[in-house]
Amino acid sequence: MKKILLAITFSLILQSFGLLAQWQSDLRLTNDPAFSYTPDNNAWCVAASANVVHVVWYDIRDGNREIYYKRSADGGASWGADTRLTNNSALSELPSIAVSGLEVHVVWHDARDGNREIYYKRSLDGGVSWEADTRITDNVEVSQLPSVSVSGQLVSLVWQDSRDGNEEIYYNRSTNGGASWGTDTRISNAAGNSNSPSVTVSGLFVHVVWYDLRDGNWEIYYKRSSDGGASWGPETRLTNNAAFSQLPSVAVSGQVVSVLWQDERDGNYEIYYKRSIDGGVSWGADTRLTNNPAPSVNPSVSVSGLAVHVVWFDNRDVNEEIYYKRSIDGGVNWGADTRLTNNTSSSQYSSVAVSGSSVHVVWQDNRDGNYELYYKRDPTGNPIGIININSEIPKEFSLSQNYPNPFNPVTNIEFQIPKAGFVKLTVFDQLGKEVETLSEGNLNAGTYKVDWNAGNYPSGVYFYRLTAENYTRTSKMILIK
């Protein structure tokens, strides 16, 4: 009977998150007579940390393509002014962004040197001010299509590079938060071109995916490092079919690595998913996420605890619209497709990020006669991995010590509530600044567990606070990377 009650309670909790999930109206982020573009290579153009949301794009308002940045300090409710990050007479395009606390990292490719090279820029104050451009690559061939990810002080960068006669995937890293950079490392080695890499980092584990022509058609490949990018394991072929598999996107939470891509095995492009539950050592079967007669392309994925969030664009509605889908059990089961846009023009190249309970999506849209950036959020769309582990009614409120502690980068927090009501669980840094909301909403009586993935935060002491009815309790935890 206890197992039945637990299953029913957990089901009701999951349903309640679905009922609370509410996408707000589209918000136009740019407004100029020239085109503003999001990357078309699945690099993330949006990142979030606590209530600060960061967006990058490339824009031709200046006569040539330049990199622009914009931020919201209130979780996407309102936005500051556009900030121009580059200023040269050559094209600067296809940016990617990552954030760790107040450190914001942006990469792009740039032709100011006569050919395309990879450039980097950072902000140490949450996007308020920016340091000078840093040139990462220096060769006579083309370096382009970068993707960046960060875990604490480890900043990982991948791109495709033609210095070897064909396109290969290269990697570079900074171990001091972008202050200095190592040497370029070639991580793919194939006779055919290797294109459009995507990178994600959790602690010292770096995961990279790309698509590759070595097998006669495009297939998805994977590679990982378990020592912060110092050395690399073998390449793993993730797909095996006679059709094209392209444009992968990768994200990680703890030991669960999630990969999305577009796949033509069904006669038209559909979105497929694959996961590893042991940090990339072994992989499960392919899962088809979309099923309609029109192409579904360019997926982007973001994860938080057990929640996996996916966006792509799709022309099942005659014109291209942005769609969203999520799993709240680590990719085992998936909800229905949710159409995020609805207009007679094209909505394309979407990117997704999560922070706390919020889901943030950015894309390019030509409903205004030229392409502009648009934004949409669901303030309650991310359940943050909360699980009811015991449906018996506790006698009193309680907040347990997190486990493990110290931790890197994932820890579990358990709490008990003796009656249904509004519950908020938040994480603060040593200065008392709120860095993440782990749970915020109505819960039934019971015992709950929440996973906190601190992969985007630096080592140090943090505090977590449970507030429910008249009960408030704060405990300390230590992150060591």
Side-chain angles (χ1 to χ4, degrees), residues 23-47 53-72 76 78-86 91-97 106 108-109 144-145 196 246-247 249 260 262 268-271 290 292-300 310-325 337-353 359-378:
W23 288 96
Q24 297 182 345
S25 300
D26 301 354
L27 179 64
R28 181 175 172 178
L29 293 188
T30 60
N31 192 345
D32 65 83
F35 289 172
S36 303
Y37 296 107
T38 48
D40 60 6
N41 63 321
N42 287 357
W44 290 274
C45 66
V46 58
V53 188
H54 310 268
V55 174
V56 290
W57 70 96
Y58 64 104
D59 201 302
I60 61 174
R61 69 182 77 173
D62 307 296
N64 64 303
R65 301 183 176 192
E66 301 286 356
I67 307 301
Y68 273 79
Y69 164 84
K70 198 178 191 89
R71 78 168 195 157
S72 169
S78 61
W79 292 80
D82 300 353
T83 299
R84 182 177 173 178
L85 295 188
T86 60
L91 65 84
S92 304
E93 57 185 6
L94 295 179
S96 176
I97 190 168
V106 175
W108 69 93
H109 69 234
Q144 60 184 349
L145 307 181
S196 294
Q246 299 169 303
L247 291 173
S249 180
L260 274 293
Q262 65 184 46
N268 65 303
Y269 280 113
E270 301 285 356
I271 306 303
T290 61
N292 68 81
S296 302
V297 295
N298 285 82
S300 175
V310 181
V311 291
W312 69 93
F313 70 93
D314 194 310
N315 71 350
R316 72 183 77 174
D317 308 297
V318 180
N319 61 302
E320 293 164 334
E321 302 286 358
I322 306 301
Y323 273 79
Y324 164 83
K325 199 179 191 88
D337 299 354
T338 299
R339 181 177 173 179
L340 296 188
T341 60
N342 192 345
N343 65 81
T344 57
S345 299
S346 293
S347 303
Q348 304 171 317
Y349 305 121
S350 51
S351 188
V352 61
V359 185
H360 310 277
V361 178
V362 174
W363 69 95
Q364 69 181 45
D365 200 302
N366 71 349
R367 70 183 75 175
D368 308 297
N370 64 305
Y371 280 108
E372 301 285 356
L373 254 67
Y374 273 78
Y375 164 82
K376 199 178 190 88
R377 70 170 181 170
D378 183 345

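Hydrogens, waters and symmetry mates play no part in the numbers below; they use all other heavy atoms, side chains included. The first residue in the sequence is number 1, and the count goes up from there.
Of the possible donor and acceptor atoms, one in the side chain of Lys376 sits under 3.5 Å from a partner among the backbone N and O of Gln24. Without hydrogens or angle criteria, Glu321 side chain to Asn343 main chain gives a donor-acceptor distance under 3.5 Å. Within the 3.5 Å criterion, the main-chain N or O of Thr38 finds a donor-acceptor partner in the side chain of Gln364. Here the side chain of Asn41 pairs no donor or acceptor atom with the backbone of Ser196 at under 3.5 angstrom.
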Go through the steps to decide whether Thr290 and Glu270 satisfy the test side chain to side chain contact (heavy atoms under 4.5 Å, CB included), and finish with yes or no.
CA-CA 6 Å; Thr290 61; Glu270 301 285 356; 2.4 Å; yes
Begin with the C-alpha distance, continue with both residues' side-chain angles, and end with the deciding distance and a verdict on side chain to side chain contact (heavy atoms under 4.5 Å, CB included) for Tyr375 and His360.
CA-CA 7 Å; Tyr375 164 82; His360 310 277; 2.7 Å; yes
Run Tyr69 and His54 through side chain to side chain contact (heavy atoms under 4.5 Å, CB included) and show every step you take.
CA-CA 7 Å; Tyr69 164 84; His54 310 268; 2.7 Å; yes
For side chain to side chain contact (heavy atoms under 4.5 Å, CB included), just list the numbers for Gln348 and Tyr371, CA-CA rounded to whole Å, side-chain angles, deciding distance to a tenth of an Å, and then say yes or no.
CA-CA 10 Å; Gln348 304 171 317; Tyr371 280 108; 3.1 Å; yes
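Counting heavy atoms from C-beta on, the side chains of Val310 and Val352 never come closer than 4.5 Å. Side chains of Trp108 and Ser92 form a contact here, defined as non-hydrogen atoms less than 4.5 Å apart. You'll find the side chain of Cys45 stays beyond 4.5 Å of the side chain of Ser96, heavy atoms only. Inter-residue side-chain proximity for Arg84 and Asp62 is flagged as met; some heavy-atom pair is nearer than 4.5 Å.
In this structure, Asp59 does not pair ionically with Arg65, as no charged nitrogen and carboxylate oxygen lie closer than 4.0 Å. A salt bridge links Arg367 to Asp26: at least one charged side-chain nitrogen sits closer than 4.0 Å to a carboxylate oxygen.
Tyr68 carries Arg61 over the face of its six-membered ring, with the cationic atom under 6.0 Å from the centre and within 45° of the normal. Cation-pi geometry between Arg316 and Tyr323 is satisfied (NZ or CZ under 6.0 Å from the ring centre, within 45° of the ring normal).
Checked against Asn42 for a side chain to side chain contact (heavy atoms under 4.5 Å, CB included), the options Leu260, Asn298, Leu145 give a single hit: Asn298.
Under the rule for a side chain to side chain contact (heavy atoms under 4.5 Å, CB included), the partners of Ser72 that lie at least two apart in sequence or sit in another chain are Val53, Asp74, Trp79. Checked against side-chain hydrogen bond (donor to acceptor under 3.5 Å, both in side chains), Ser351 has no partners two or more places apart in sequence or in another chain.
Classified by interplanar angle (parallel below 30°, tilted 30° to 60°, perpendicular above 60°), the ring pair Trp363/Tyr374 is parallel.
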